[in-house]
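Not measured: the values here are computed from a predicted model. Just so it is clear, the values below take in all heavy atoms, side chains as well, and ignore hydrogens, waters and symmetry mates. All chains are named by letter (A, B, ...) in the order of the sequence lines, taking the proteins before the strands, and each is independently numbered beginning at 1.
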Amino acid sequence: MKRYLPFVIVVAVALLTATGATMLYRTKQRPALTITKEKSTSPGGESVHIRGNPNARVTLEEYGDFQCPPCGLLSEPINQLEKDHQPNLRVIFRNFPLVTHAHAREAAIAAEAAGLQDKFWEMHDLLYREQPIWSKATDARTLFNSYAGMLGLDIERFKKDMDGDKAKGRVEADQKHANLLGIQNTPTIFLNNKAIDPKNLNPESLRAAADAAVKEKPSS
Amino acid sequence: MDSRIRTIIYTVAAAISLVGLAEATYLAVLYLTGETAVCGGSASCFEVLGSKYARIGGVPVAGFGALAYFSAFSFATFAAFGYARASKFFALTVLAMFACTLWLLYVQAFLLHAFCRYCLFSAAIIFLLTGVVVAVPASDKA
């Protein structure tokens, strides 16, 4: 019996590993997301923050969380894509702050409050650039106020907007829209309404996908 | 070396390999589902695991790691039960894994300038297994 025991153990471990991996895969697997016409025209579906040519035929739409490190890593490559593909590509940003990130919602509201003074993208870039600092701060709000000052915003108005309903309402509208689309993770990026495979959410693959989309659909 | 001590050493090696197998399998499944590995709020895991060095011909390196850990586990188990050749195969497998680990550490340190905690944990496991290979006298490996 002892002679066969190692075979039994090895086969048992192989089976357990295969079963565990299959169960984990089934738990984590998600259907491919697409933005249908009905969903894009649903309440909250209108695009608020667009960078680049509004009429560009290629749209890169990001559902992001300012405290999510991968979103921060992709922020600059996405900005670069928009610059390199002008006027063929536009970038849309939507808020999807995750509850697991302590300051994500507040950061999203800060970006929207800056947006009310037409500085959404400036705050967007600054929040991602400074992410390692404010995400570890106990009082992120003070930092957001100082960022508003750096961007030349009316600080008193910014503070009021942070507490007001308009900026919060915009964040909530984006979140509702994201939930409607079945989004669960950040960053979730759509290229012409088709979600990019999360495996390809790295600067090189993203550039390749955007290049291909622009080549396929150049602006007239 | 006393056969009892030898059994204990290889049993420990098999247990260590199982931890590595679980970790590598988890990472391989994450890769297949496209989920981002959470790495204590740091972007390093995303940077390393999403890089071109994290896959070979479309297959995640973690998948190869899982296979290697399973082989190490199997050989260590057989060696613990006194199969003489198994200890030799175990040593060869672990040394190959050690060489790959050195390469992956180099990639993280000098090419990507980012360290993934999962990868460092795996490297620690492989260093431990290498320690086992070194600790078992050569005469017992044959």
Check your understanding: Is the shortest heavy-atom distance from the side chain of A:Glu76 to the side chain of A:Pro203 under 4.5 Å?
Key ->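 A side-chain contact is absent here, since even the closest heavy-atom pair is not under 4.5 Å.
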Review point. Would you call A:Glu130 and A:Leu143 a side-chain contact if the rule is heavy atoms closer than 4.5 Å?
Key: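 No, every pair of side-chain atoms sits at 4.5 Å or beyond.
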Review point. Going through the distances and angles, do A:Tyr63 and A:Phe93 end up as a ring pair (Phe, Tyr, Trp, His ring centres under 6.0 Å)?
Key: CA-CA 6 Å; A:Tyr63 285 77; A:Phe93 182 88; 8.6 Å; no
Exercise for review: Indicate the ring-plane relationship of B:Tyr53 and B:Trp103, choosing parallel, tilted or perpendicular according to the 30° and 60° boundaries.
Suggested key: perpendicular
Practice item. Scan A:Tyr128, A:Trp134, A:Phe96 and name whichever one has a ring-ring contact (aromatic ring centres under 6.0 Å, His included) with A:Phe66. Key: A:Tyr128
Revision key, fill the gap. Applying a strict 4.5 Å limit to non-hydrogen atoms, the region of B:Leu32 in contact with chain A is both
Review point. Taking it one step at a time, do B:Tyr69 and B:Thr25 satisfy side chain to side chain donor-acceptor pair (under 3.5 Å)?
Key: CA-CA 10 Å; B:Tyr69 276 120; B:Thr25 306; over 6 Å; no
Point to revise | Exam field: side chain A:Glu112 to backbone A:Ala167, donor-acceptor pair closer than 3.5 Å | key: no
Review point. Are there residues of residues 70-79 of chain B that reach to under 4.5 Å of chain A by heavy atoms, and which ones?
Key: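 Heavy-atom contacts from residues 70-79 of chain B to chain A are B:Phe70, B:Phe73, B:Ser74, B:Thr77, B:Phe78.
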Revision key, fill the gap. By side-chain contact (heavy atoms from CB on, under 4.5 Å), A:Lys136 pairs with (sequence neighbours left out) none
Review point. Checking A:Ser205 against chain B: side chain, backbone, both or neither under 4.5 Å from a heavy atom?
Key: side chain
**Study point:** Proximal component of A:Ile196, with respect to chain B [non-hydrogen, under 4.5 Å]
**Key:**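 Neither the backbone nor the side chain of A:Ile196 comes within 4.5 Å of chain B.
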Check your understanding: Most heavy-atom pairs under 4.5 angstrom with chain B, which of A:Val13, A:Asp197, A:Asn202?
Key ->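 Option with the greatest count: A:Val13.
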